S.K.: 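Structure incoming, see below.
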There are 2 protein chains.
Amino acid sequence: MADQVTLADVARWAGVSVATASRALHGSVGRTVNPELRARVQAAAAELNYSPNANAQAVVRGTTTTVGLIVHDIADPSAAALAAGVMAAAATRNLIVTISSTLSDPLAEVRHVEALRRQRARAIVLAGSRFNDPESAGRLAEELLGYAVGGGHVAVVGQHRLPLNTIAIDNAGSARRLALTLADLGYRRAAVLSGPEAIATSEDRVSGFRAGLDQAGVTLDPDLVIAAPFTRDGGYVAMTELLDLGALDHDLTEAGADGSGHDRPSSGIDLVFAVNDVMAVGAVAALRDRGVRVPADVAVAGFDDISTLRDVRPALTTVRLPMQRIGADALELALGTTFDADADSAERGARVLTVAGDVVIRESTPARG
Amino acid sequence: MADQVTLADVARWAGVSVATASRALHGSVGRTVNPELRARVQAAAAELNYSPNANAQAVVRGTTTTVGLIVHDIADPSAAALAAGVMAAAATRNLIVTISSTLSDPLAEVRHVEALRRQRARAIVLAGSRFNDPESAGRLAEELLGYAVGGGHVAVVGQHRLPLNTIAIDNAGSARRLALTLADLGYRRAAVLSGPEAIATSEDRVSGFRAGLDQAGVTLDPDLVIAAPFTRDGGYVAMTELLDLGALDHDLTEAGADGSGHDRPSSGIDLVFAVNDVMAVGAVAALRDRGVRVPADVAVAGFDDISTLRDVRPALTTVRLPMQRIGADALELALGTTFDADADSAERGARVLTVAGDVVIRESTPARG
DNA sequence: CTGTTAGCGCCTTCAA
DNA sequence: TTGAAGGCGCTAACAG
């Protein structure tokens with residue numbers, strides 16, 4: 001490995017002092033340098049293939065040009081959209097973005113904050129799905145607060161109930177409105193495909209959905225809430241389980257058997273709500289594989305309004321969340337506020353932005369007669 | 001902003017020297033430290049909320065624990081999958097991943113490599129789609145080589161024809177095989193929806209596809225190759241343009257007008273190849289909006305086999321690329337080899353892995369009678 | 001305008 | 001085993 005070229009090398013080669021070289025290359029404030037010397041320094045730098053050491057700069061300047069983003073899984077389209085938003089906002093400020101995925105490991109979340117803190121990242125945007133795990137939650141809070149007290153800027157996407165800038169996504173309220181709308185359309189027997197119990201986002205959507213149904217006078221049978229991984233395959237498996245439970249039996253047997261013209265007796269479900277679009281797509285696939293028609297035999301709704309899924313047919317009823325925008329806002333929010341350890345949340349200016357989703361009704365949940 | 005706690009603070013608080021504190025916390029090689037002292041130091045660190053300064057460590061150690069990944073657009077599912085692979089591989093080595101999107105700007109690619117180089121990133125995985133722009137290509141090569149000569153580890157995904165570790169994706173060959181397979185199925189008049197001309201990936205797929213058709217004795221009318229952005233909407237727009245060109249006219253008018261029973265005369269196309277799945281989906285949407293049935297009226301094929309699109313119907317014929325695996329391999333490849341400036345490509349051990357895609361025929365391109 | 005001189009926070013010889 | 005001191009690459013006073 002060839003040795004790194006340092007500023008001293010450049011200065012020597014150009015016949016100036018390191019101070020001059022530094023000023024010529026990066027221009028100290030107020031200071032100016034002779035054009036001819038500067039040209040010489042720049043030529044030397046180019047000649048020697050010099051690359052300034054950002055770490056050394058960070059040490060002396062006490063700050064970096066890096067921001068950190070922590071997400072659940074970058075392969076999740078929703079997280080990718082958020083990341084794109086953060087990166088776009090970062091680009092306008094000439095900042096570099098470091099991304100890490102927690103892959104559903106609460107401790108990974110803590111480790112990543114810790115790492116970002118060591119790097120002296122200028123800001124951290126934490127969008128890892130919240131976990132319902134008290135221990136890791138405590139350590140996370142500690143780490144985050146330690147970072148913030150040290151002058152770090154933070155924004156949390158999804159409520160962590162911490163005295164930090166937050167973009168709260170109203171999962172519960174949005175799911176509630178979705179449920180109300182669907183009840184209005186005539187749906188009366190729903191099943192839910194939820195994510196892992198440890199993920200609060202999923203739980204909020206389920207409880208909000210249930211609240212909405214309650215409000216509409218529709219009850220949700222607890223046996224019809226199936227937990228599974230947050231993925232497409234999770235949706236497929238959960239839906240299959242639901243079918244094996246006989247949740248839809250009237251459609252496949254009774255309706256055909258009695259031929260009475262009464263379809264969908266109260267024993268069978270008429271609607272499946274998956275806590276995210278990806279799971280919903282998996283559910284639709286499972287239904288199709290079993291010969292169940294959507295929405296003729298059963299309706300399906302999701303959550304997120306993932307753009308790459310906007311073209312699946314039947315078009316999916318869902319709740320739209322502007323993730324890219326949220327990502328950009330999160331970074332701005334983080335960077336816009338400084339943390340003062342001696343003030344309480346409000347005085348300190350920790351701000352909370354609440355984002356509600358838009359219910360989008362599409363083909364997968366038509367009005368029922 | 002509260003001031004940062006330094007190692008000196010911790011040492012003072014624990015009543016030891018900074019040297020001892022350093023060794024207690026990170027354990028220098030060969031050196032060992034009294035258990036009791038170490039406990040005291042660790043207690044002090046915890047008490048003071050100490051966070052080691054990774055930048056300072058990087059300066060003195062001359063290396064970091066960061067790897068950089070450069071992609072076209074992280075919101076592109078294909079890139080996100082690659083990123084997930086890189087991150088997974090990085091996690092096993094305790095490395096942090098910095099991601100940046102070039103957003104189709106060739107100069108951004110150069111800037112990002114430059115930034116990563118300053119950060120003294122331990123490795124760079126460059127997967128930004130290659131641009132057919134000689135100037136930026138030259139600067140990119142210069143920057144990349146400068147980084148490699150300085151001891152940096154690099155892997156390039158997609159051939160850059162540089163003496164660097166490369167994971168070559170056989171876009172042309174794969175597209176060729178796709179074309180051959182489709183010709184075998186009976187397709188005779190194809191149109192192509194390509195990406196921006198500056199992106200080599202797109203061009204390779206187009207030329208490979210054309211070569212395959214040629215080999216099968218089918219010609220591709222140059223007027224039927226439409227360039228558009230690499231996105232879903234790009235696919236939609238390009239397909240609309242194609243329809244406005246009258247590429248499908250026989251289906252919508254002639255076939256109905258003459259009622260001769262000869263459907264699909266040689267004047268109309270029977271197949272549309274979009275250079276990636278996302279564009280293909282946009283194309284299908286455009287067709288649907290115009291009342292054209294897929295595959296009954298025209299067949300559609302894509303490229304990438306994006307997992308979230310695996311459930312769209314009709315299921316899309318495409319070429320499968322194992323992006324996640326490629327990402328992981330790319331990082332391993334980069335980290336596994338050291339660059340020796342005084343050797344040529346082969347001696348130096350710059351390795352080239354070629355990955356071919358698998359042609360996957362699905363409902364969108366059934367055999368034609 | 002330029003050069004000299006302190007550091008920045010940390011690790012690592014080198015003595016003790 | 002511990003501590004003192006030098007140095008990593010760079011910037012920012014401070015003189016000249």
Side-chain angles (χ1 to χ4, degrees), chain A residues 1-42 44-45 48-65 117-121 150-151, chain B residues 1-42 44-45 48-65 115 117-121 150-152:
Chain A
M1 132 151 66
D3 25 47
Q4 296 280 349
V5 179
T6 78
L7 185 59
D9 295 327
V10 174
R12 201 172 310 122
W13 208 95
V16 299
S17 70
V18 287
T20 303
S22 173
R23 295 194 275 251
L25 257 19
H26 314 297
S28 219
V29 274
R31 316 263 46 171
T32 165
V33 55
N34 185 309
E36 194 220 324
L37 277 193
R38 183 179 22 202
R40 238 164 58 204
V41 172
Q42 283 168 339
L48 298 177
N49 217 309
Y50 171 69
S51 169
N53 186 325
N55 293 297
Q57 296 183 145
V59 171
V60 58
R61 294 206 248 237
T63 180
T64 64
T65 122
R117 205 183 151 192
R118 290 156 115 98
Q119 314 275 341
R120 299 298 186 262
Chain B
M1 126 147 73
D3 24 48
Q4 296 281 349
V5 178
T6 78
L7 186 59
D9 296 326
V10 174
R12 200 173 309 121
W13 207 95
V16 299
S17 71
V18 288
T20 303
S22 172
R23 296 194 273 249
L25 258 19
H26 313 297
S28 221
V29 275
R31 315 262 45 169
T32 165
V33 56
N34 186 309
E36 193 219 327
L37 277 193
R38 189 192 4 217
R40 240 163 60 202
V41 171
Q42 283 168 340
L48 298 178
N49 218 310
Y50 170 69
S51 170
N53 187 325
N55 293 298
Q57 296 181 146
V59 172
V60 58
R61 296 209 252 242
T63 178
T64 64
T65 134
R117 204 183 151 192
R118 290 153 112 100
Q119 315 275 342
R120 300 295 187 265

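Naming convention: chains lettered A, B, ... in sequence-line order (proteins, then strands); numbering from 1 in each chain. These numbers come from a predicted model, not from an experiment.
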S.K.: Report yes if at least one side-chain N or O of A:S22 is closer than 4.0 Å to OP1 or OP2 of D:dC10; otherwise report no.
M.R.: no
S.K.: Taking the side chain of B:V59 as heavy atoms from C-beta outward, which of D:dC8, D:dT11, C:dC10 is closest to it?
M.R.: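 Side chain of B:V59 sits closest to D:dC8.
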S.K.: C:dC1 P sits how many Å from A:L37 CG, rounded?
M.R.: 11 Å
S.K.: Just wondering, do B:N53 and A:R118 contact through their side chains at under 4.5 Å, heavy atoms?
M.R.: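 When only atoms from C-beta onward are counted, B:N53 and A:R118 do not touch, as no gap falls below 4.5 Å.
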S.K.: Can you measure B:R120 atom CZ to D:dC10 atom C1' for me and round it to whole angstrom units?
M.R.: 11 Å
S.K.: Could you tell me whether the side chain of B:V41 reaches within less than 4.5 Å of the side chain of B:R38, counting heavy atoms only?
M.R.: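 No, every pair of side-chain atoms sits at 4.5 Å or beyond.
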S.K.: Measure from CZ on A:R118 to P on C:dG9 and round the result to the nearest Å.
M.R.: 17 Å
S.K.: When you measure from the side chain of B:A56, which nucleotide among D:dG9, C:dG3, C:dG9 comes out closest?
M.R.: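 In terms of side-chain proximity for B:A56, the closest of D:dG9, C:dG3, C:dG9 is C:dG9.
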S.K.: Taking atom CZ of A:R117 and atom OH of B:Y50, what is their separation to the nearest 0.5 Å?
M.R.: 10.5 Å
S.K.: Between A:N34 and C:dT2, is there a contact of a side-chain N or O with OP1 or OP2 at under 4.0 Å?
M.R.: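 For A:N34, the contact criterion (side-chain N or O under 4.0 Å from OP1 or OP2 of C:dT2) is met.
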S.K.: In whole Å, I'd like the distance from the OH atom of B:Y50 to the P atom of C:dG9.
M.R.: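 About 10 Å, once rounded to whole Å.
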S.K.: When you compare the side chain of B:R120 with that of A:Q4, does any pair of heavy atoms fall below 4.5 Å?
M.R.: yes
S.K.: For the side chain of A:T6, counting heavy atoms from C-beta on, which of D:dC10, C:dG3, D:dT2 is nearest?
M.R.: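 My answer, after comparing the listed nucleotides, is D:dC10.
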S.K.: Can you figure out which of D:dT2, C:dC10, D:dT1 approaches the side chain of B:T32 most closely?
M.R.: D:dT1
S.K.: Would you say a side-chain N or O of A:S17 is under 4.0 Å from OP1 or OP2 of C:dT2?
M.R.: no
S.K.: When you get a sec, tell me which of D:dC10, C:dG3, D:dG3 is the closest nucleotide to the side chain of B:R23?
M.R.: D:dG3
S.K.: From the list D:dG9, D:dG3, D:dG7, which nucleotide is the closest neighbour of the side chain of B:V60?
M.R.: D:dG7
S.K.: What I'd like to find out is whether the side chain of B:L25 reaches to under 4.5 Å of the side chain of B:L7, using heavy atoms alone.
M.R.: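 B:L25 vs B:L7: side chains touch.
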S.K.: Between D:dT11, D:dT2, C:dG3, spot the one nearest the side chain of B:V33, thanks.
M.R.: D:dT2
S.K.: Go through D:dT11, C:dC10, C:dC11 for me and flag the one nearest to the A:L7 side chain.
M.R.: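 Selected nucleotide: D:dT11.
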S.K.: If you look at every heavy atom in A:N55 and B:N55, which pair is closest and at what distance?
M.R.: OD1-OD1, 3.0 Å
S.K.: In whole angstrom, what separates A:L25's CG from D:dT11's P?
M.R.: 8 Å
S.K.: To the nearest Å, give me how far apart CZ (B:R61) and P (C:dC10) are.
M.R.: 11 Å
S.K.: Could you state the CD-C1' distance from A:E36 to C:dT2, rounded to the nearest angstrom?
M.R.: 13 Å
S.K.: From the list D:dT11, D:dT2, D:dC8, which nucleotide is the closest neighbour of the side chain of B:T20?
M.R.: D:dT2
S.K.: Does A:Q4 put a side-chain nitrogen or oxygen below 4.0 Å from OP1 or OP2 of D:dG9?
M.R.: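 For D:dG9, neither OP1 nor OP2 has a side-chain N or O of A:Q4 closer than 4.0 Å.
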S.K.: Rounded to the nearest angstrom, tell me the gap between atom CZ in A:R38 and atom P in C:dC1.
M.R.: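 Interatomic distance, CZ of A:R38 to P of C:dC1: 10 Å.
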